[in-house]
Structures are given as C-alpha cells and as structure tokens.
Amino acid sequence: MIVVSACLIGIPCRYNGGHCRSSALVQHLRQTPFLALCPEVLGGLPIPRPPAEIVGGNGFDVLAGRARLINHQEQDVTDQFLQGAQRGLDLVRSLATSVCYLKSRSPSCGWSQPGDTNGVIGVWAALLVQAGYQVIPAEADGR
Ligand code: SF4
C-alpha cells in the first residue's frame, strides 16, 4: 500500500481548485494499491482556499510551535494544518505502508532533502518523517 498526495493523481483539491497530476505516478499506481489523501482538506479547509505559507521556519518548526501558517488573507490557519496532518498520520498508521509520495513545494506535503536550501518541508511531511515513514517528493507533469 502506498500513500499519495491526492492532487498528484488528478483530484482537484489544491488551493485554487486545480490538481497537480503526475502521469508517471498514476502509471506506477496502476499495479499498486494506494490511498490518496489531502491533509489540508482533512483539516477542514475548503476548495478553493487562499494559499498559505509557513512563516518562521519549516514543517518541523510548525510541529514544535515555533512557526505558523498564514494565508494570503492574513489569517492564521496553523490549527487546520496541524489537525489535517494529524488526521492524515492517523490514516497512514491504519495501513500497512511505509512509503508516501507527496507533492513537492507544498506547505503541507512538501519534502526536500537535507541541504536543499530552496526546498519546502511541509507540516504533514514533517509529521510523517518524524513518525518513521519514508516521504518521496513528487512533482506534477511538466514541472
Ligand atoms: S499538495 Fe497536499 S495539501 Fe496541497 S492540495 Fe495536494 S494533497 Fe492537498
């Protein structure tokens, strides 16, 4: 069983109502059972929604209470991001899985290798890595 960011398989759950379909990932999943999740929707945020950014650090800093999620309407949506990340982790824990393909550069799903100063580490990705899961960043077609 593999866990994937829902937008990567074409589900229109992004902040702008769009998706980030990866044809290569969709092809890979044809032979593999998978569960597609969107932690921001799990946290109760609507589609569409104002985009949000981590202010004051990365996903690990949000988990530690040192950074916040602020959307483009200046609203603090940290609680929704944390709640969605926790619900996503709870669902992953209920599966026999260890690998999660998550959308790059997202404040929830983003994951980058140590030393990548331009990368984004999102809240859900940080929580999954902290819990011992392998997170593999994936990108949409054409990126
Ligand atoms: S990147 Fe993650 S949080 Fe953003 S739309 Fe895709 S699944 Fe949802």
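As the structure lists them, so they are numbered: ligands from 1, and atoms in each ligand from 1. Position 1 is the first residue of the sequence; numbering continues from there.
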Under 4.0 Å from a heavy atom of Lys103: give me the atoms of ligand 1 that qualify, with their elements. 1 (S)
Determine yes or no for a side-chain-to-main-chain donor-acceptor pair under 3.5 angstrom, with Ser104 supplying the side chain and Ala138 the backbone. yes
Among all protein non-hydrogen atoms, which one is nearest to atom 2 (Fe) of ligand 1, and what is the separation to 0.1 Å? Cys109 SG, 2.3 Å
Give the cluster check for Ile9 versus Tyr15: same hydrophobic cluster or not, with ILVMFWY residues linked at side-chain heavy-atom distances below 4.5 Å. no
I'd like to check which ligand 1 atoms, numbered from 1 as shown, lie under 4.0 Å from a non-hydrogen atom of Ser5. 7 (S)
Is it true that Leu29 and Leu35 fall in one hydrophobic cluster, defined by side-chain heavy atoms closer than 4.5 Å? no
Please write down residue, atom name and distance for the protein heavy atom closest to atom 6 (Fe) of ligand 1. Cys7 SG, 2.3 Å
For Ser106, atoms of ligand 1 separated by under 4.0 Å from a heavy atom: 1 (S), 4 (Fe)
Under 2.8 Å: N/O/S of Cys38 next to atom 6 (Fe) of ligand 1: no
What do you reckon, does Leu37 put a non-hydrogen atom under 4.0 Å from ligand 1? yes
With the threshold set at 4.0 Å, does a side-chain nitrogen-carboxylate oxygen contact exist between Arg105 and Glu139? yes
Do any N or O atoms from the side chain of Thr78 and from the backbone of Arg68 form a donor-acceptor pair under 3.5 angstrom? no
Sidechain-backbone polar pair: Ser94 side chain, Leu91 backbone, donor-acceptor under 3.5 Å: yes
Tell me whether Arg105 reaches ligand 1 (any heavy atom closer than 4.0 angstrom to a ligand atom). no
State the atoms of ligand 1, each with its element, that fall below the 4.0 Å cut-off from a heavy-atom position in Ser108. 3 (S)
Test item: side-chain donor near acceptor, Ser98 and Gln134, under 3.5 Å: no
What atoms of ligand 1 come closer than 4.0 angstrom to any heavy atom of Cys13? 5 (S)
Atoms of ligand 1 close to Ala6 [distance to a heavy atom under 4.0 angstrom, numbered from 1]: 7 (S)
Nearest 0.5 Å please: distance from the OG atom of Ser22 over to the OH atom of Tyr101. 10.0 Å
Hey, which atoms in ligand 1 end up nearer than 4.0 Å to a heavy atom of Arg49? 5 (S)
Heavy-atom side-chain proximity of Glu40 to Ser106 below 4.5 angstrom: yes
Report, in ascending order of atom number, the atoms of ligand 1 lying under 4.0 Å from any heavy atom of Arg14. 5 (S)
